[in-house]
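Because only heavy atoms are used, hydrogens play no part in the values below, and waters and symmetry mates are left out as well, while side chains stay in.
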Amino acid sequence: MGWVIRLAKRVEALHSLGVAHGNISPACVSTEGGSPAARGELVDVSATTADPHYHSPERASGASLSVGDDVWALAATLYAVVTGQAPFGGTGQAEAHQRILSGSAPAPLAVFDVGDDELQRVFDAALNRDPGRRFKSLAAFRLALEEWVPDGRSLPPLEAADDDGDDGDDEARTMMRGPIDAGGPAPSPAARAPARPAEVRAPVVVSGGVRPGAAPPRAGAAPTP
């Protein structure tokens, strides 16, 4: 949870510049330890590929990158971290998009023995198929998470890939990846293996993110669960 809050804080900075990230998934976070307080960074967008399992219904329908798509992708990333699988599953881009557009809701957390009604309500709002009923910004989504985990308020944003600092041992760095699974129970944390993102053409890099065809709205709108 803490890593997702830190990721949100970093991407919010991109949104404030009118830039959408476009590649948010568990693979875009590199960490040096298991604790959410450990050093971690947002991987350069050119080093990852857009994973269709984390696309919003609008993007799966062919819309361009947007702040709203990043909010959906962050919620889908948290779902993968909590349950061990992406919210809609599917193999490859076509099937992943078809499942996202099918109208079916993600399996409830209780299926994965995560019986938390408050967190379920956060997911219900973040992954609502009606854009008008979702969180309007990453800040709104992050604040909802911080109400669930108050310690998250003190966590710093992830570092950017080009921030100054000791890079450390590359072999000690791990990706916050959640396995892509079409269904079934979530594996134990020890059994989870990194998932290979779908092979699609990487977007153009713009200051750590990718700029949509039209500048997306700035983050900071009032929370709308």
Side-chain angles (χ1 to χ4, degrees), residues 1-12 21 23-31 33-38 40 42-43 48 51-57 69-90 96 99-100 104-129 133-135 138-155 157-158 174-198 223 225:
M1 181 72 69
W3 287 114
V4 173
I5 290 174
R6 294 182 66 186
L7 173 58
K9 290 179 178 180
R10 169 55 64 182
V11 179
E12 282 175 48
H21 184 279
N23 272 9
I24 294 177
S25 76
C28 76
V29 177
S30 176
T31 73
S35 168
L42 176 63
V43 177
T48 63
D51 190 331
H53 298 88
Y54 300 89
H55 289 172
S56 65
D69 181 64
D70 280 351
V71 177
W72 175 284
L74 191 75
T77 293
L78 178 58
Y79 185 97
V81 171
V82 171
T83 68
Q85 65 182 48
F88 300 96
R99 291 194 178 199
I100 290 169
S104 300
L109 297 181
V111 170
F112 306 94
D113 295 325
V114 183
D116 190 296
D117 292 341
E118 185 176 348
L119 183 58
Q120 182 64 61
R121 284 193 290 272
V122 172
F123 278 123
D124 289 345
L127 297 175
N128 194 302
R129 295 189 176 278
R133 300 181 65 183
R134 294 184 208 146
F135 294 103
L138 275 184
F141 180 46
R142 172 178 57 79
L143 288 172
L145 295 181
E146 289 175 349
E147 289 179 4
W148 190 71
V149 183
D151 290 347
R153 297 190 181 99
S154 62
L155 292 171
L158 290 177
T174 59
M175 307 299 276
M176 185 186 71
R177 295 178 184 264
I180 301 303
D181 188 350
S188 66
R192 293 176 185 171
R196 180 180 299 277

Practice task
Compare every heavy atom of Trp3 with every heavy atom of Ala38, then report the nearest pair and how far apart it is.
Solution key: O-CH2, 3.3 Å
Problem - Between His21 and Asn23, a side-chain donor and acceptor under 3.5 Å - result: no
Problem - Spacing of Arg121 atom CZ and Asp116 atom CG [to the nearest 0.5 Å] - result: 8.5 Å
Problem - Residue pair Leu127 / Ala76: nearest heavy atoms and the distance that separates them - result: CD2-N, 4.1 Å
Problem - Side-chain H-bond candidate by donor/acceptor type, Ser25 with Asp51, under 3.5 Å - result: no
Exercise for the section: Taking the side chain as every heavy atom from C-beta outward, state whether Val114 and Thr83 have any atom pair closer than 4.5 Å. Expected result: no
Handout entry: pair Phe123-Pro106: side-chain heavy atoms closer than 4.5 Å
Key = no
Practice task
Determine the minimum heavy-atom distance between Asp70 and Leu138, stating which atoms define it.
Solution key: O-CD2, 4.3 Å
Exercise for the section: Please work out which of the three classes, parallel, tilted or perpendicular, describes the rings of Trp72 and Phe88, given edges at 30° and 60°. Expected result: parallel
Exercise for the section: Say whether, by atom type as modelled, one donor and one acceptor occur between the side chain of His55 and the main chain of Ala73 under 3.5 angstrom. Expected result: no
Exercise for the section: Indicate yes or no: at least one non-hydrogen side-chain atom of Pro157 is less than 4.5 angstrom from one of Arg6. Expected result: no
Handout entry: No-hydrogen, no-angle side-chain donor-acceptor test under 3.5 Å, Gln120 and Asp124
Key = yes
Problem - Side-chain donor or acceptor of Lys9 paired with backbone N/O of Val4 under 3.5 Å - result: no
Exercise for the section: Heavy atoms only: give me the nearest Pro57-Arg129 pair and the separation to one decimal. Expected result: CG-NH1, 4.1 Å
Exercise for the section: Measure the shortest side-chain to side-chain distance between Val82 and Phe112 over non-hydrogen atoms and say whether it is less than 4.5 angstrom. Expected result: no
Exercise for the section: Begin from the C-alpha positions of Arg142 and Phe135 and carry the test side chain to side chain contact (heavy atoms under 4.5 Å, CB included) through to its verdict. Expected result: CA-CA 10 Å; Arg142 172 178 57 79; Phe135 294 103; over 6 Å; no
Exercise for the section: Using atom types as modelled and distance alone, determine if a side-chain donor or acceptor of Arg133 lies under 3.5 Å from a backbone N or O of Ala126. Expected result: no
Practice task
Taking all heavy atoms of Ala86 and all of His53, pick out the closest pair and write down the distance.
Solution key: CB-CB, 4.0 Å
Exercise for the section: Go through the steps for Leu7 and Cys28 under the test side chain to side chain contact (heavy atoms under 4.5 Å, CB included), then give the verdict. Expected result: CA-CA 9 Å; Leu7 173 58; Cys28 76; 4.1 Å; yes
Handout entry: CG on Leu158 to OG1 on Thr31, rounded to 0.5 Å
Key = 9.5 Å
Fill in the blank from the handout: Heavy atoms of Ala27 and Val43 approach each other most closely as O-CG2, 4.1 Å
Problem - Check against side chain to side chain contact (heavy atoms under 4.5 Å, CB included), Phe141 and Leu78 - result: CA-CA 11 Å; Phe141 180 46; Leu78 178 58; 4.2 Å; yes
Practice task
Kindly determine whether Val122 and Trp148 satisfy side chain to side chain contact (heavy atoms under 4.5 Å, CB included), including the steps that lead there.
Solution key: CA-CA 9 Å; Val122 172; Trp148 190 71; 5.5 Å; no
Handout entry: Side-chain (Arg134) to main-chain (Asn128) donor-acceptor, under 3.5 angstrom
Key = yes
